[in-house]
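Everything below concerns the one structure shown next.
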Amino acid sequence: MASDEAVSNFIRSSFRSVWSLELLLLLKHAPSSWSRAELVAALRASNLIVADGLEALTAAGLVVTDEAGNASYRPASDDLARLADGTESLYGRSPDAVRRLIVGAIPNPLAAFADAFRLRKE
């Protein structure tokens with residue numbers, strides 16, 4: 001298992017929001033891949049939140065998307081899998097601490113909050 005410091009650093013660098021973490025955990029425990037519409041419905045999130053989350057998780061090497069656009073959990077390395085396991089464990093034990101790590105990593109939390117309400121064309 002990864003050290004607490006490694007997990008904390010991983011959380012700060014890999015998750016832009018708690019939504020991204022929830023998305024990872026959903027995919028991590030899914031036996032198959034999920035379409036974007038299924039993820040939106042399961043998380044009760046917007047298309048934008050799911051799209052941003054998938055983009056971040058793909059960039060982090062945790063999620064892959066097939067040619068049909070379906071996403072599944074597939075860490076690029078064993079180290080990433082251990083960090084994801086450590087993140088899940090820490091989130092289960094201390095969700096507030098994980099939320100603080102994520103929010104603390106955002107350069108300007110107020111701007112990020114305001115951006116969540118911007119209307120964009122999809």
Side-chain angles (χ1 to χ4, degrees):
M1 182 148 236
S3 72
D4 286 346
E5 183 179 345
V7 170
S8 294
N9 290 335
F10 174 73
I11 291 169
R12 281 189 210 98
S13 66
S14 300
F15 300 101
R16 297 178 193 162
S17 70
V18 176
W19 286 105
S20 292
L21 176 55
E22 291 289 340
L23 177 59
L24 174 71
L25 297 178
L26 177 64
L27 291 170
K28 189 173 182 285
H29 293 284
S32 61
S33 60
W34 291 59
S35 71
R36 189 170 291 181
E38 290 170 328
L39 292 169
V40 167
L43 292 172
R44 296 183 178 151
S46 71
N47 282 322
L48 178 61
I49 287 172
V50 170
D52 286 350
L54 287 174
E55 181 182 317
L57 294 173
T58 299
L62 295 165
V63 169
V64 295
T65 306
D66 65 19
E67 57 279 343
N70 297 323
S72 58
Y73 173 72
R74 199 162 301 136
S77 70
D78 290 340
D79 287 338
L80 283 173
R82 280 190 287 280
L83 288 166
D85 291 343
T87 298
E88 180 178 19
S89 176
L90 180 59
Y91 190 49
R93 290 189 323 263
S94 187
D96 287 338
V98 172
R99 288 184 195 107
R100 283 191 299 273
L101 286 170
I102 293 170
V103 171
I106 298 171
N108 184 343
L110 186 56
F113 178 75
D115 285 346
F117 293 96
R118 284 177 40 208
L119 298 176
R120 298 182 190 175
K121 290 185 180 180
E122 295 197 37

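What you see is a predicted model, and the numbers here were worked out from it, not measured in a lab.
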Derivation of the side-chain hydrogen bond (donor to acceptor under 3.5 Å, both in side chains) call for R93 and S89: CA-CA 6 Å; R93 290 189 323 263; S89 176; 2.8 Å; yes
Is the closest side-chain heavy-atom distance between [X] and [Y] below 4.5 Å?
{"X": "Y91", "Y": "V18", "answer": "yes"}
{"X": "S77", "Y": "L80", "answer": "yes"}
{"X": "E88", "Y": "H29", "answer": "yes"}
{"X": "R74", "Y": "K28", "answer": "no"}
{"X": "F15", "Y": "R99", "answer": "no"}
{"X": "L27", "Y": "S72", "answer": "no"}
{"X": "L23", "Y": "L43", "answer": "yes"}

Side chain to side chain contact (heavy atoms under 4.5 Å, CB included) partner of V7, chosen from I11, D4, N9: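 Passing option: I11.
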Test side chain to side chain donor-acceptor pair (under 3.5 Å) applied to S35 - qualifying residues, sequence neighbours left out: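 Partners of S35 by the side chain to side chain donor-acceptor pair (under 3.5 Å) criterion, ordered by chain and then number, come out as E38.
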Gap separating the [atom1] atom of [X] from the [atom2] atom of [Y], nearest 0.5 angstrom:
{"X": "S14", "Y": "L21", "atom1": "OG", "atom2": "CG", "answer": "10.0 Å"}
{"X": "S20", "Y": "I49", "atom1": "OG", "atom2": "CD1", "answer": "9.0 Å"}
{"X": "T87", "Y": "L62", "atom1": "OG1", "atom2": "CG", "answer": "8.5 Å"}
{"X": "R16", "Y": "D52", "atom1": "CZ", "atom2": "CG", "answer": "6.0 Å"}

[X] to [Y] - nearest heavy-atom pair and separation:
{"X": "V50", "Y": "A45", "value": "CG2-CB, 4.1 Å"}
{"X": "G92", "Y": "P95", "value": "O-CD, 4.3 Å"}
{"X": "A71", "Y": "V63", "value": "CB-CG1, 4.0 Å"}

Ignoring hydrogens and angles, tell me if any N or O in the side chain of [X] forms a donor-acceptor pair with the backbone of [Y] under 3.5 Å.
{"X": "S17", "Y": "W19", "answer": "yes"}
{"X": "T58", "Y": "L54", "answer": "yes"}
{"X": "S13", "Y": "F10", "answer": "yes"}

Y73: ring-ring contact (aromatic ring centres under 6.0 Å, His included) partners, not counting sequence neighbours: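 With sequence neighbours excluded, Y73 shows a ring-ring contact (aromatic ring centres under 6.0 Å, His included) to no residue whatsoever.
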Joint cluster assignment, L83 & V64, ILVMFWY side-chain distance < 4.5 Å: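 No, separate clusters.
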